[in-house]
Amino acid sequence: MAYDQSAMLKLLRPAMTRILTPLGRALVQRGIGPNAVTAIGTLGTVICALVFYPMGQLWWGSLTITIFVLFDLLDGVVARMGGGGGTTWGAFLDSTLDRLADAAIFSGLIIYFFVQRDLLMAAVALFCLVAGALVSYVKARAEGLGLTCDVGLAERPERLVVGLVAAGLSGLGVPYILPLGMWLLAAASAITVVQRVVHVHRQIGAR
């Protein structure tokens with residue numbers, strides 16, 4: 001199974017793996033494989049993002065999305081414990097569904113801003129969606145060419161944390177936190193795209 005190797009994920013994975021191991025063992029005993037876990041997590045994320053956020057339920061949306069995002073770690077636990085998967089197909093499915101989940105989260109926020117008639121923040125959230133997709137695409141394209149691209153300020157875990165925390169705290173009534181989070185995320189994502197493009201260009205220039 002392919003994993004995002006950002007610094008944040010490297011730090012959190014051991015602790016989360018210990019917490020999720022009993023649940024992973026129970027799923028394996030019931031014949032549920034990692035690919036099914038990945039699909040369930042993505043489906044839950046998509047539904048929660050596109051239902052709660054447009055309704056203005058930012059706290060409940062962020063909370064439930066966070067629960068389903070943890071399935072991204074649970075599928076690895078299930079794979080290691082013998083639940084099947086852990087294959088090239090599993091890695092491909094995991095990466096593809098991650099993009100779908102990310103798109104749903106930011107699409108939900110875009111719709112929320114439109115409902116609030118905040119067109120500026122809707123545009124910022126749209127930029128975050130596009131820039132986030134570019135961050136992932138640049139890395140995938142570089143690795144497809146035999147290059148490395150493990151650099152950048154804001155990889156997927158960092159982007160999810162900033163987006164979900166900002167939305168969740170906004171839902172609890174913290175003022176200005178969601179616009180601040182979106183602007184911060186937009187800037188960090190843009191910087192990451194530039195960092196990765198420059199990194200790839202330097203590798204090619206060295207050949």
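Just so it is clear, the values below take in all heavy atoms, side chains as well, and ignore hydrogens, waters and symmetry mates.
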S.K.: Could you tell me which non-hydrogen atom of A101 sits nearest to which non-hydrogen atom of R156, and how far apart they are?
M.R.: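 For A101 and R156, the tightest heavy-atom pair comes out as CB-NH2, 4.0 Å.
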S.K.: How far apart are the closest heavy atoms of G132 and R159, and which atoms are they?
M.R.: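 Smallest interatomic distance, heavy atoms only, reads O-NH2, 3.6 Å.
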S.K.: State yes or no: do L43 and L160 share one hydrophobic cluster built from I, L, V, M, F, W and Y residues joined by side-chain heavy-atom distances below 4.5 Å, directly or via other members?
M.R.: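 Hydrophobic grouping puts L43 apart from L160.
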S.K.: Any side-chain heavy-atom pair from L126 and F106 closer than 4.5 angstrom?
M.R.: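 Side chain of L126 against side chain of F106, heavy atoms only: no contact under 4.5 Å found.
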S.K.: Using every non-hydrogen atom in the two residues, find where V135 and S189 come nearest and quote the distance to one decimal.
M.R.: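 That closest heavy-atom pairing would be CG2-O, 3.7 Å.
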S.K.: Using the rule that Ile, Leu, Val, Met, Phe, Trp and Tyr join whenever any side-chain heavy atoms are under 4.5 Å apart, tell me whether V162 and Y176 fall into a single cluster.
M.R.: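 As far as the 4.5 Å side-chain criterion goes, Y176 and V162 are not connected within one cluster.
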S.K.: Taking all atoms of both residues into account, what is the closest heavy-atom pair of L109 and A167, and its distance?
M.R.: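 Of all heavy-atom pairs spanning L109 and A167, the closest is CD2-CB, 4.3 Å.
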S.K.: Using a 3.5 Å distance criterion without hydrogens, assess whether the side chain of R196 forms a donor-acceptor pair with backbone atoms of V151.
M.R.: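 Side chain of R196 to backbone of V151: a pair is present.
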S.K.: Using modelled atom types only, decide if a donor and an acceptor are shared between the side chain of R117 and the backbone of F113 within a distance under 3.5 Å.
M.R.: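 Not at all, since once roles are kept as given, no pair shorter than 3.5 Å links the two residues.
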S.K.: When rounded to the nearest 0.5 angstrom, what is the spacing between CG in L172 and OG in S62?
M.R.: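 Interatomic distance, L172 CG to S62 OG, rounded to 0.5 Å: 9.0 Å.
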S.K.: Could you walk me through whether L74 and L70 pass side-chain contact (heavy atoms from CB on, under 4.5 Å), step by step?
M.R.: CA-CA 6 Å; L74 182 60; L70 291 178; over 6 Å; no
S.K.: Are any side-chain N or O atoms of E158 and backbone N or O atoms of E155, one a donor and one an acceptor, separated by less than 3.5 Å?
M.R.: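 Checking the backbone N and O of E155 against the side chain of E158, a donor-acceptor pair under 3.5 Å is found.
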S.K.: Quick one: closest heavy-atom pair of V138 and C149, and the distance?
M.R.: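 Heavy atoms of V138 and C149 come nearest at CG1-SG, 4.2 Å.
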S.K.: Enter the distance from I110:CD1 to I105:CD1 here, rounded to the nearest 0.5 Å.
M.R.: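 I110 CD1 to I105 CD1: 12.0 Å, rounded to 0.5 Å.
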S.K.: Counting C-beta onward and ignoring hydrogens, is there a side-chain heavy-atom pair between L147 and E143 closer than 4.5 Å?
M.R.: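 SC-SC contact between L147 and E143 ruled out.
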S.K.: Looking at A39 and L97, what are the two nearest heavy atoms and their distance?
M.R.: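 In terms of heavy atoms, the two residues are closest at CA-CD1, 3.9 Å.
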S.K.: V174, L184: one ILVMFWY side-chain cluster at the under-4.5 Å cut-off?
M.R.: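 V174 and L184: separate clusters.
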S.K.: Is a side-chain donor-acceptor pair under 3.5 Å present for Q203 with H199?
M.R.: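 Checked: H199/Q203 side chains pair up, N/O donor to acceptor below 3.5 Å.
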S.K.: If only atom types and distance count, is the side chain of T96 paired as donor or acceptor with the main-chain N or O of L93 below 3.5 Å?
M.R.: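 No.
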S.K.: Using 0.5 Å steps for rounding, measure from the CZ atom of F52 to the OH atom of Y112.
M.R.: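 Answer rounded to 0.5 Å: 15.0 Å.
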S.K.: Any chance you could measure T42, atom OG1, to R99, atom CZ, to the nearest 0.5 Å?
M.R.: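 Separation between the atoms: 10.0 Å.
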S.K.: Would you mind reporting whether K139 and D150 have side-chain heavy atoms less than 4.5 Å apart?
M.R.: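 Yes, close enough: below the 4.5 Å cut-off.
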S.K.: Please answer: with hydrophobic residues joined when any side-chain heavy atoms are less than 4.5 Å apart, are F114 and M182 in the same cluster?
M.R.: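 Yes, one cluster joins them.
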S.K.: Supply the atom-to-atom distance I65 CD1 to W60 CH2, rounded to the nearest 0.5 angstrom.
M.R.: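 Those atoms lie 13.5 Å apart.
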S.K.: State the CG-CE distance between L178 and M121, to the nearest 0.5 angstrom.
M.R.: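 Here the interatomic distance stands at 6.0 Å.
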S.K.: Could you tell me if S107 and Y53 have a donor-acceptor pair between their side chains, going purely by distance under 3.5 Å?
M.R.: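 Not at all, the side chains of Y53 and S107 share no donor-acceptor pair under 3.5 Å.
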S.K.: Going only through I, L, V, M, F, W and Y residues with side-chain contacts under 4.5 Å, is there a path from L100 to L50?
M.R.: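 Linked within one cluster.
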S.K.: Just by modelled atom types, is the A166 backbone N or O under 3.5 Å from a matching donor or acceptor in the S170 side chain?
M.R.: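 Answer holds: no.
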S.K.: Who pairs with F68 by ring-ring contact (aromatic ring centres under 6.0 Å, His included), at least two apart in sequence or on another chain?
M.R.: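 Checked F68 against ring-ring contact (aromatic ring centres under 6.0 Å, His included); matches are F71.
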S.K.: Do the side chain of T192 and the main chain of L153 share a donor and acceptor less than 3.5 angstrom apart?
M.R.: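 Confirmed, T192 side chain pairs with L153 backbone.
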